[in-house]
Amino acid sequence: MTDQLPTTFNPADIEARWYQYWEEKGLFRPERPDAEAFTIVNPPPNVTGSLHIGHALDNTLQDIVVRYERLRGKDALWVVGTDHAGIATQMVVERQMEERQDKRTNYSREDFIDKVWEWKHESGGTITRQLRRLGCSMDWSREQFTMDEHFTGAVLKTFVDLYNDGLIYRDKRLVNWDPKLKTAISDLEVETQDLKGSFWHFKYPLEDGVTLDDGRDYIEVATTRPETMLADMAVAVHPTDERYASVVGKHVVLPITGRKVPIVADEHADPELGSGAVKITPGHDFNDFEVGKRAGIAAGDMLNMLDGDANVCQTSDGRVPEEFLGLHRFKRDGTPGARELVIERLKEQGFLIPYITKTKKGEEVELDAEPRTIATPFGDRGGVVIEPWLTDQWYVDAEKLAAKPIEQVKSGEIEIIPQSWEKTFFNWMENIQPWCVSRQLWWGHRIPAWFGPKIQDDVVSFDQTASDSPVFVAATEAEALDKARAYYSKAGYEVSVSDGVEGTFEDFLDDFDEDQEQALKTVQVWRDPDVLDTWFSSALWPFATLGWPDETSVRAEPVEVRADNDVSSDDTGPSTSSGQTVSLLEKHFPNNLLISGFDILFFWDARMMMMGQYNMGKAPWLKLYLHGLVRAADGAKMSKSKGNVVDPLGLIDEYGADALRFFMAAMESQGRDIKMDNERVKGYRNFATKLWNATRFCQSNGIGASDTLAAPDAKLAANQWIIGEVQQTVEALDAAMADLRFDAAANTIYQFTWSRFCDWYLELIKPVFASESVRPEVLSPSKGEGSDSDAARTSTSSARTAVEETREVAGWALDQILVMLHPFMPFITEELWHAQGALNGPENGNPRSEYPIITAKWPDPRANVSKPATQAIDWVIELTSNVRSAKNELGIAPGAKLAAFLPSASELASSTIERSSAAIERLARLTPVALGEAPDGPAMQVTAGSDVFVIPLEGIIDIAEEKARLEKALAASQKEAKSLEGRLGNANFVERAKPEAVEKAKADFAHHSAEAERLTAALARLG
RNA sequence: GGGCGUAUAGCUCAGGGGUAGAGCACUGUAUUGACAUUGCAGGGGUCCCAAGUUCAAAUCUUGGUACGCCCA
């Protein structure tokens, strides 16, 4: 095995192999029924999606935490699955159809959905395969999909429960309508962009005989959307605006439509803006909708002039001229729309007030409109301008559901990391609007509501817009039918379910025959054709994936009651003690942690909080960790349109999954975005190679796997030292992980591995192996260096040689590195773990060889750190560094082996020279140190701690250079000493500063002034 | 308009009331012994500006400036 590791680490050779090994052996979730649970749910990626760099970050962080907790012995569960992603997936399939000159409406609803399922089966495995390449240790055995049968059950139950509790209702109001996708979308799915646009000014003539105080017979209004004037229903002026006070209550007669509409007083009109008068189109503008309501116009009476494609249709008062009907709202693909025609007609008729401005040359010019920047709403998926449209939709009463989550974050029950996100969270949650959850799509969870006609005085009528229109909400058709029967039996009607509704209500209305129903005394109910917002289902992810609602759960009371009856949280959980079966849901809910990008804080995280509280009576997780975006190297946001996306799979191909993962961890500091940097990924690939070669070195010296979790007994200073260093590293790593400081954690293990273990420890132990053949050194019991207790603890054979001890300690330390690094670099660590196991494996009864690293045990050094050993090795390191530095400055070949004299050795020096002479000689490249005066002659002088070594350099050294070098060092010491002296001379400092600060200053001063003295003496010796 | 964040070495970023750190880049240098995907050594910073608090401010407070993000 020794020579089986190739010189260079090639990630591709090992990654697939180990992943398959882990997955096949079920190691992502080993049976640990009695262990403490640790649970994370993965933000379900879109089923037809593929892994982008943001996924790589998000999943790397989660995998680090999950692997860490698994190593620490917990029953770690990482729930994985995919999201059906209603709009996105339907769009993908429709786009494919388009390429074949086909379209959705060529199919029945059922057939289309079948086609989407086909596509799901075909492409749904892409992202899950890619997550595997990244090394993510998810529980694939329970992979979930938001449209799985049980998950759909959870969605329907939630809808029905919310409806019964009055927290879901149907309402007619303006929605954000996407005319491309022809569906309503929620506020969150709207992205506002500032565009250059125009502000047109019009004259609206006052009704006969009415004039303003200044005599004008018109009111000037201005708008960025002239086309909507076809559905104008009022003109608003501010109540305190004296210019218009006399005409409030009077009317204007609209050009083009001839509609006579009132002038109303409303605070929405801004006297400073334009003329101070504003046209009101309640059916096509959110502000105007509110103004209209205040003016007493019911939502049902508001005029609508656009169809679902945003083409002009006739208003209910029939006043839109023929030539406008069918035009798109505005110019599209070069074809002028209603906007252009409205402007043209108004201009012709003299109602357009031109905008006068000056060119750069100072010439006056007349424009149709004032140029202006307009905040324009776009649909985040469809990419077209959103049209506020008056429709009936289902709404979730988010305000009520938000109350408890707000409280939970305020009280700290839910911790948001970094905390700075709390303010953003509160700001949104406290101003939350009703959540529109119905979507006019086919792919998704169909809303479990059945509508029926209204029967009054034995007249059957259907009015979908009537608020008292009968609706039966139930999880199944049978239940809904039961409810409908109970309802209609009172009027003596039979009920059947219409299966003809595949499109919109309008489609149904075409088939609807009121007279026939009335004659036959039978009514048809039909299921709402709409589906639910994707985020409605993913909001249930933390518990529906664990079996809710089939498994026991504590269904909470409706929120209003719950607020003052809060007993749900700390009782009833069945104990996890032995013998009792505990369901997955009971054990793993609430989840411990959620890791998500801040971009889905509102879309997903907040809604999980609401639904977790509603369905489970608890917060869905205890901590929420929000990470930033991965940006392109220049700091720009990555986007397909910019063409600057970095493919994580490409990075894995080039540098290995371990390197990419380590990059993500090392760069992840709280509250900051990550800029992509391939050089850095490369650097971590190099780090993997370094570890690889360190292991090869160990193997070539017979260093194999450790067989104890506790640190081996050690007598040699270097071995004692590295044990202490491991201990410190574990502590630092645990602290970083506890705080979710991924960068600190990654840097800790990086520095330890490279700068301590490779750079110093392996160098320090080389002499042990070099001397093996010459004089196998038998270690005598230690000589009062504080390690007696260690020796007593593991009283193995006392005749252990230095080589044997070092093999044990080095093998142990390497094992600890592998385990500590495993969460970050799972592949290489598993490979090396087995390579090491092969060297000291089952044939020796090594228990460590019985399990792979993925289920190994987290380091537990349980050793007393030897202070003398630490001091000794630190002293050796200082000496070595100073000798190297001096040589470098004096231009002496680094390899030159020099003689060193120590005229006056400190206790530390003499004991260390005695114990670790071989290491000193090798690292500092000195011949054995002679205690005593050096012979006269040119020499350089090097310090280590309080010791000054004299290194004769007859013939090699230029005294002037050595003098210059020492003077430079002296100046530095004197500067430090002087500064400290000044501070210590300040009475205020000595009296008022913290005692520790004063102590430290004194100690530093003593150190620097002693150093200065030593250097002065050294200079004096040079003459 | 409201809110949030960031500003530290050439670059990307940690840190943080006691006088400055990492990686990369740069300079010099080494090479029969784990590793050139390497070793060793080194240069490089008015910690954005100003005021305040303090014995002491890069750090805390306030106010600027610049950039970025979110909401309206």
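Chain naming here is simple, since letters A, B, ... match the order of the sequence lines and numbering starts at 1 in each.
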Enquirer: Would you say the ring centroid of Phe663(A) lies under 6.0 angstrom from that of Tyr655(A)?
Expert: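 Aromatic pair excluded; centres sit 6.0 Å or further apart.
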Enquirer: Strictly below 4.0 Å: does Asn686(A) bring a side-chain N or O up to OP1 or OP2 of rU38(B)?
Expert: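 Yes, such a contact exists.
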Enquirer: Using only modelled atom types and a 3.5 angstrom limit, is any donor from either the side chain of Lys423(A) or the base of rC4(B) paired with an acceptor on the other?
Expert: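 Under the 3.5 Å cut-off, the side chain and the base do not form any donor-acceptor pair.
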Enquirer: Counting heavy atoms from C-beta on, name the nucleotide in rU19(B), rU38(B), rG15(B) closest to the side chain of Arg741(A).
Expert: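 Closest nucleotide to the Arg741(A) side chain: rG15(B).
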Enquirer: Is the shortest side-chain N/O distance from Arg925(A) to OP1 or OP2 of rC40(B) below 4.0 Å?
Expert: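 Negative; the distance criterion is not met.
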Enquirer: Does a side-chain N or O of Ser669(A) approach OP1 or OP2 of rA14(B) to a distance below 4.0 Å, or not?
Expert: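 Ser669(A) to rA14(B) OP1/OP2: side-chain N or O found under 4.0 Å.
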Enquirer: When the distance from CG of Leu832(A) to C1' of rA34(B) is rounded to whole Å, what number comes out?
Expert: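 My rounded result for the distance is 12 Å.
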Enquirer: Using a cut-off of less than 4.0 Å, is there contact between a side-chain N or O of Arg672(A) and OP1 or OP2 of rC4(B)?
Expert: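 Answer is no, no contact under 4.0 Å.
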Enquirer: Are Trp754(A) and rG39(B) close enough that a side-chain N or O sits under 4.0 Å from OP1 or OP2?
Expert: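 The answer is yes; a side-chain N or O of Trp754(A) sits under 4.0 Å from OP1 or OP2.
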Enquirer: Counting Watson-Crick and G-U wobble pairs with both distances under 3.5 Å, what is the dot-bracket string for RNA chain B, 5' to 3', using [ ] for crossing pairs and | for pairs to another strand?
Expert: (((((((..((((....[..)))).(((((.......))))).....(((((..]....)))))))))))).
Enquirer: Can Asn719(A) and Thr806(A) be counted as having a side-chain donor-acceptor contact under 3.5 angstrom?
Expert: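 On atom types as modelled, these side chains qualify, holding a pair under 3.5 Å.
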Enquirer: For the pair made of CD1 in Ile432(A) and P in rC70(B), what is the distance, rounded to whole Å?
Expert: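 That distance rounds to 19 Å.
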Enquirer: In whole Å, what separates the P atom of rC24(B) from that of rU61(B)?
Expert: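 Each nucleotide's P atom is 34 Å from the other's.
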Enquirer: Have Asp605(A) and Ser596(A) got a donor and an acceptor in their side chains that come within less than 3.5 Å?
Expert: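 Yes, a side-chain donor-acceptor pair sits under 3.5 Å.
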Enquirer: Are OP1 or OP2 of rG33(B) and a side-chain N or O of Ser700(A) less than 4.0 angstrom apart?
Expert: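 Checking Ser700(A) against rG33(B): no side-chain N or O falls below 4.0 Å of OP1 or OP2.
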Enquirer: Should Lys766(A) be listed as having a side-chain N or O under 4.0 Å from OP1 or OP2 of rA34(B)?
Expert: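 Yes, such a contact exists.
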Enquirer: For atom C1', what is the distance between rU29(B) and rU65(B), given to the nearest Å?
Expert: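 Straight-line distance between the two C1' atoms is 45 Å.
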Enquirer: Want to settle it: does Thr8(A) or Tyr684(A) sit nearer the 5' end of RNA chain B, counting the closest nucleotide to each?
Expert: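 Comparing both residues, the 5'-ward one is Tyr684(A).
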Enquirer: Quick one: does NZ or CZ of Lys766(A) land under 6.0 Å from the six-membered ring centre of Phe697(A), within 45 degrees of the ring axis?
Expert: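 Yes.
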Enquirer: Tell me yes or no: between the side chains of Glu189(A) and Ser186(A), is some donor less than 3.5 Å from an acceptor?
Expert: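 Yes, side-chain donor-acceptor contact under 3.5 Å.
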Enquirer: Does a donor on one side chain sit under 3.5 Å from an acceptor on the other, for Asn693(A) and Arg696(A)?
Expert: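 Side-chain D/A pair, Asn693(A) to Arg696(A): present.
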Enquirer: Taking the six-membered ring for Trp, is the centroid-to-centroid distance between Phe949(A) and Trp875(A) below 6.0 Å?
Expert: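 Yes, the ring centres sit under 6.0 Å apart.
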Enquirer: What interatomic distance, in whole Å, is found between C1' of rU59(B) and the corresponding atom of rA20(B)?
Expert: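 rA20(B) and rU59(B) have their C1' atoms separated by 12 Å.
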Enquirer: With distance as the sole criterion, is a donor-acceptor pair present between the side chains of Asp58(A) and His627(A) under 3.5 Å?
Expert: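 Short answer, yes.
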Enquirer: Tell me which of Lys675(A) and Glu889(A) sits closer to the 5' end of RNA chain B, going by the nucleotide each one is nearest to.
Expert: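 By nearest-heavy-atom nucleotide position, the 5'-most residue is Lys675(A).
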Enquirer: Please determine if a side-chain N or O atom of Lys682(A) lies less than 4.0 Å away from the OP1 or OP2 oxygen of rG23(B).
Expert: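 No, Lys682(A) has no side-chain N/O under 4.0 Å of OP1/OP2 on rG23(B).
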Enquirer: Any side-chain N or O of Lys887(A) below 4.0 angstrom from OP1/OP2 of rC40(B)?
Expert: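 Answer is no, no contact under 4.0 Å.
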